[in-house]
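Written out below as structure tokens is the structure these notes cover.
Reminder, nothing fancy here: chain letters follow the sequence lines and each chain counts from 1. Side chains included, hydrogens not; waters and symmetry mates left out as well; all remaining heavy atoms used. Keep in mind the model is a prediction, meaning the values are calculated, not measured.
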Number of protein chains: 2
Amino acid sequence: MSIESPRRIRRSPEAARENILSAAQGLLLDRGPQALKLVDVAKGAGVSHATVLHHFGSIGEVQTALMEQMIRQLVEQILTAERSDDPEGQLESVGQVLFDAFESAGGARLAAWLELTGEARRLTLVREAVGEVISGPMAQKGISPDRATNLVLVAVSLAMGVGLIGRSLAELVGRPPDSTREAAQAFLKAGLAAALQE
Amino acid sequence: MSIESPRRIRRSPEAARENILSAAQGLLLDRGPQALKLVDVAKGAGVSHATVLHHFGSIGEVQTALMEQMIRQLVEQILTAERSDDPEGQLESVGQVLFDAFESAGGARLAAWLELTGEARRLTLVREAVGEVISGPMAQKGISPDRATNLVLVAVSLAMGVGLIGRSLAELVGRPPDSTREAAQAFLKAGLAAALQE
DNA sequence: GACTCTATTGACATTTTTGTAGATAACTCT
DNA sequence: AGAGTTATCTACAAAAATGTCAATAGAGTC
């Protein structure tokens, strides 16, 4: 029987916060917002719950910090795709990334959570991204700001819906999980094409 | 100073459950799922929390009962509209009701909640409704079951997204709250029309 | 009016969740 | 190596949320 040496991992404050937030994100994505309890987050991060409080002050601040981080990630993904591509494929590509962001990265779950908890005002970052898409690639395609806004509203809503319930819905009607997304992307593409033909 | 008579309202078990559930629904709709605490629900219903437990056994059962009731309401709305209308307007009408159900009645919030908490299997009722729409009005329009399923998946996802974040999104980009829904309905209608022209 | 039934309640008990405080250990700098 | 800083931990405390129980009070029946 040896006395075990009390090994601790000591992180920089930033690393510690990051570690905790990523654990929290994992919990949010696969167990839902209700799972964001202090001890559970701590356990997920491999630290004591006191450590979480040391870095965030309260569980509530963990949650808002998580929201902000996820929003930043979401917007970054979209803007990156919007900027880097060739102007031709931009619209399709942005559509692609939009669905990706809302699906895999948990964007839909985040947005749903924000909406359900009434914190949707935090989405100011999103407004900027939307504005950039409207005045950028869509303007280049000759789409008026007004119509462009409508298309974006529809596209984002659709991506949101698909990201949130698309897979469940498909399985519910006996289809492969991705079929909702595929159908939605095709539908959106057709609608965009129609909008361009005027 | 008079001794106040301890007036109680004594309801039938059914009325009591209904009263409690409707209070719970109110809480869910305007404060989110996190607000569904035992005491808060009880306060909303104007009874003691012990009464809630007497009728439901636990707060968890209140929540699942609420889910089931809301799902039933949702499906009923959709099926009613699907059945009662003239065959011509059915598709448009169902689209209308779909958006209504997911928006005003809180269907989107319900579905989001189910999804976030991983209880989406409860939606078997929805499968039946979907099946009925596919084999009913859509078949009459000459749409193949396969294509019909795709359209339904898209329509429901879109209604879901619009119902959940449509208003916030519109306000976020400086539009009137209803504009997301209007744009989405127009977009969906156009897509349906295109699908019929083959 | 007395009796029965049970929905309702206040008071208590338990569990869950969050927050606090002092001690300890990991890291940096000298 | 020694000292200072502070991230981390354990143990404790507080608060919040859920659940239990015996007593009370409506409403119907005899």
- Contact class for B:His49 vs. all strands (heavy atom < 4.0 Å): base, sugar-phosphate, or nothing? base
- Message: Rounded to whole Å, how long is the line connecting atom CZ of B:Phe56 with atom P of D:dT18?
- Response: 15 Å
- Task: Taking atom types as modelled, find out whether B:Ser168 and A:Glu115 have a side-chain donor-acceptor pair closer than 3.5 angstrom.
- Result: yes
- Task: Examine C:dT9: is either OP1 or OP2 under 4.0 Å from a nitrogen or oxygen in the side chain of B:Thr51? Give yes or no.
- Result: yes
- Query: Can you tell me if B:Arg167 uses its side chain to pair, donor with acceptor, with the backbone of B:Pro177 under 3.5 Å?
  - Reply: no
- Among D:dC9, C:dG10, C:dG19, the one nearest A:Leu38 by side-chain distance: C:dG19
- Check every strand shown and say whether B:Ala16 touches a base, only sugar-phosphate, or nothing at a heavy-atom separation below 4.0 Å. sugar-phosphate
- Specify the separation, in whole Å, of atom CD of B:Glu14 and atom C1' of C:dT6. 13 Å
- Looking across every strand, which nucleic acid part, if any, lies under 4.0 Å from B:Leu53 by heavy atom: base, sugar-phosphate, or nothing? base
- Note on the structure: Whole-Å distance, A:His55 NE2 to D:dC9 C1', equals 12 Å
- Query: Is the shortest side-chain N to carboxylate O distance from B:Arg109 to B:Asp30 below 4.0 Å?
  - Reply: no
- Run the side chain to side chain donor-acceptor pair (under 3.5 Å) check on A:Gln96 and A:Gln185 step by step: do they pass? CA-CA 8 Å; A:Gln96 194 86 348; A:Gln185 279 189 316; 3.2 Å; yes
- Residue A:Arg8, side-chain heavy atoms: nucleotide from D:dG26, C:dT18, C:dA25 that is nearest: C:dA25
- Separation of D:dA17 atom P from B:Gln63 atom CD, nearest Å, is 13 Å
- Task: Return yes if the base of C:dT8 and the side-chain atoms of B:Arg11 contain a donor-acceptor N/O pair under 3.5 Å, otherwise no.
- Result: no
- Task: Could you please name the option among C:dG19, C:dA7, C:dA26 that lies closest to any side-chain atom of A:Ile59?
- Result: C:dG19
- When you look at CZ of A:Arg31, are more than 12 heavy atoms from neighbouring residues, nucleotides or ligands closer to it than 6.0 Å? no
- Item | Side chain of A:Arg7 - closest among D:dG19, C:dT20, C:dA26 | C:dA26
- Note on the structure: Per atom distances to the B:Ser48 side chain, the nearest of C:dT9, D:dA7, D:dA25 is C:dT9
- Message: If you only use heavy atoms from C-beta on, which nucleotide in C:dT9, C:dT17, C:dT8 is closest to the side chain of A:Lys37?
- Response: C:dT17
- Message: Need one value for B:Ser12: base, sugar-phosphate or nothing, where a base atom within 4.0 Å counts as base even if backbone is also close, heavy atoms only.
- Response: nothing
- Any side-chain N or O of A:His54 less than 4.0 Å from the OP1 or OP2 oxygen of D:dT8? no
- Message: Output the rounded distance in Å from CD1 (B:Ile20) to P (C:dA7).
- Response: 11 Å
